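The next block holds one structure in the form of structure tokens; read it before the comments.
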Number of protein chains: 2
Amino acid sequence: MENTRPMTAAGRRILAAAEELFYTRGITAVGVDLIAERSGVTKRTLYNRFGSKDHLVAAYLTERDRRWRALVLAAVDARTDPVDKVTAPFDALRTWSAGNTRGCAFINALAELPDPSHPAHRIAADQKLWLRTLFEELATTAGCREPTTLATRLLVLHEGTLATQPLPLDTLSGSADLARALVRSGAPDTR
Amino acid sequence: MENTRPMTAAGRRILAAAEELFYTRGITAVGVDLIAERSGVTKRTLYNRFGSKDHLVAAYLTERDRRWRALVLAAVDARTDPVDKVTAPFDALRTWSAGNTRGCAFINALAELPDPSHPAHRIAADQKLWLRTLFEELATTAGCREPTTLATRLLVLHEGTLATQPLPLDTLSGSADLARALVRSGAPDTR
DNA sequence: GGCGAGGTATACAGATCAGTATACTTGTGA
DNA sequence: TCACAAGTATACTGATCTGTATACCTCGCC
């Protein structure tokens, strides 16, 4: 909404520091003083740029969502086969997981911010619904049967893989295999 | 370890209040003063019983894990068919979700407590590994092919369903259906 | 009887939190 | 040139946090 305000160099540094700290240490556990110090900026500047900690949290999630969607869309573009495109978000998940071993930032944010009116809830919900819609569109293009059901199943697989990431389990490869199997069993030329 | 200490009536009230507050509002956001007030107890008593907030958090997760495992095992016992037993944890998930709409307490706890040496990490990891082992044992008993692979897939499905719970999506029924389909396709009398 | 465990009541220490106040500096563009 | 936007520097407010200190109460049990 008010994100049309141009971002200054200090604002970008603040946002970068907030992304790092909020994701690795948790939102409630990180204070604005620490973010200001890490970005080489005074607290006054932080408040001039973002208004409040809640707004900074919303900006953090929005920016993270933007980067993640770009990665997913790039992974889809990198595939040529329509069936491979459906499971391309799992390719992106492998890349993404390499530098993000603390699970899903949006699920984690919801865990710390129980108030449903907090902007984080809408951002997180939008992200998941966006991925579900993407799965459905790709499945439809690939000619899969029941693309809606398939999309929900792929979303659950995706989220389950992310959720188990901080645990001492390797679920990524198995989930990607299962996702491909589900898509192939629903694709028209595999039955 | 030191959980052999007998629990007093005040201790039980404290633990009950902590369970409710930690789960619904988040661990970092809830102070010990609030827990003491809610359980009708002095803060001094809380510290006499649990030593520190971190120990109380560990006790909260341990108790929650105990109740959840009992529910899962009861759901398995309620089924007679060996194939139905494999997907029984998804029956339990339906019951459990009715009163727990804030996702998985263990994933949420890891989101707020990034330090891997915190007891919450071991408790959460143990819970997931326990469920995975249970899936594998039930699948083996049911005569499923590749019970290890199947168990990991069922675990990811289970966690994905829990993780998407706070979102405006209904994933439970679809996941349970997929779980049953996976088990049936691996069971000996269905191929 | 008395003693000790468990609990109450209240106050406090020391740290940290989000957010504000005041005064100064610096670069840029009209 | 000069006005303005962006940022620096530092101090502060009031609230809240975990954890402790001190003094008292009240049972049950040896």
Side-chain angles (χ1 to χ4, degrees), chain A residues 2-61 109 111-115 117-120, chain B residues 2-61 109 111-115 117-120:
Chain A
E2 74 282 3
N3 286 15
T4 52
R5 188 204 297 146
M7 187 71 80
T8 64
R12 277 187 293 270
R13 286 208 311 276
I14 294 167
L15 197 50
E19 275 200 76
E20 157 88 14
L21 289 168
F22 281 153
Y23 181 66
T24 58
R25 302 196 193 181
I27 293 171
T28 315
V30 169
V32 288
D33 297 82
L34 179 60
I35 296 174
E37 186 198 327
R38 281 295 183 90
S39 46
V41 141
T42 55
K43 204 159 51 159
R44 188 73 233 205
T45 300
L46 189 151
Y47 276 93
N48 281 340
R49 287 293 105 208
F50 295 95
S52 72
K53 185 181 177 179
D54 275 350
H55 284 97
L56 179 57
V57 169
Y60 146 63
L61 292 174
E112 296 197 62
L113 309 167
D115 179 9
S117 67
H118 194 288
Chain B
E2 75 282 2
N3 286 15
T4 54
R5 186 204 297 145
M7 189 71 80
T8 65
R12 277 186 293 272
R13 287 207 311 277
I14 294 167
L15 198 50
E19 276 201 73
E20 157 88 15
L21 289 168
F22 281 154
Y23 181 67
T24 57
R25 303 196 193 181
I27 293 170
T28 315
V30 168
V32 290
D33 297 80
L34 179 60
I35 296 173
E37 185 198 328
R38 281 293 182 93
S39 47
V41 141
T42 308
K43 202 161 53 159
R44 195 83 191 96
T45 300
L46 187 150
Y47 276 93
N48 281 340
R49 287 293 105 207
F50 296 95
S52 71
K53 185 180 177 181
D54 274 349
H55 285 98
L56 179 57
V57 169
Y60 146 63
L61 292 174
E112 295 196 63
L113 310 167
D115 179 10
S117 67
H118 194 286

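In this text, all values refer to a predicted model and were calculated from it rather than measured experimentally. Residue numbering restarts at 1 for every chain, and letters A, B, ... go by the order of the sequence lines. Just so you know, these numbers use all the heavy atoms, side chains as well, and skip hydrogens, waters and symmetry mates.
The CG atom of A:Leu34 sits 11 Å away from the P atom of C:dT16 (whole-angstrom rounding). Rounded to a whole Å, the CD1 atom of A:Ile35 is 11 Å from the P atom of C:dG19. The separation between A:Asn48 atom CG and D:dC4 atom C1' is 14 Å, rounded to whole Å. C:dG19 atom C1' lies 17 Å from atom CZ of A:Arg49, rounded to whole Å. Between the CG atom of B:Leu46 and the P atom of C:dG6 there is a distance of 15 Å, rounded to whole Å. Atom CD1 of A:Ile14 is separated from atom P of D:dT8 by 8 Å (rounded to the nearest Å).
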message: The test is side-chain hydrogen bond (donor to acceptor under 3.5 Å, both in side chains); show your working for B:Asp54 and B:Ser52 and say whether it passes.
response: CA-CA 5 Å; B:Asp54 274 349; B:Ser52 71; 5.5 Å; no

task: Let me have a per-nucleotide readout for nucleotides 25-30 of chain D, 5' to 3', with B, S or -, counting only protein heavy atoms under 4.0 Å.
output: ------

query: Reading nucleotides 15-24 of chain D from the 5' end, what letters show protein touch, with B for base, S for backbone sugar-phosphate only, - for no heavy atom under 4.0 Å?
result: ---BBBBB--

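Between B:Arg49 and B:Ile14 the shortest heavy-atom distance is CG-CD1, 4.3 Å.
Between A:Thr42 and the phosphate of D:dT8, there is a side-chain N or O to OP1/OP2 separation shorter than 4.0 Å.
With a 4.5 Å cut-off on side-chain heavy atoms, B:Val32 and B:Tyr47 count as touching. Two residues are said to be in side-chain contact when any heavy atoms from C-beta on lie closer than 4.5 Å; A:Asp33 and A:Glu37 fail this criterion. Looking only at side-chain heavy atoms (C-beta outward), B:Val57 and B:His118 come within less than 4.5 Å of each other.
The side-chain hydrogen bond (donor to acceptor under 3.5 Å, both in side chains) pairs that include a residue from residues 13-30 of chain A are A:Glu19-A:Arg67, A:Thr28-A:Glu112, where partners are two or more places apart or lie in different chains.
The CD1 atom of A:Ile27 lies 11.5 Å from the CG atom of A:Leu21; values are rounded to the nearest 0.5 Å. To the nearest 0.5 Å, atoms CG (B:Asn48) and CZ (B:Arg44) are separated by 5.0 Å.
B:Thr42 places no side-chain N or O within donor-acceptor distance of the main-chain N or O of B:Thr45, the cut-off being under 3.5 Å.
B:Gly40 comes within contact range of the sugar-phosphate backbone alone, with a heavy-atom separation under 4.0 Å but no base atom that close.
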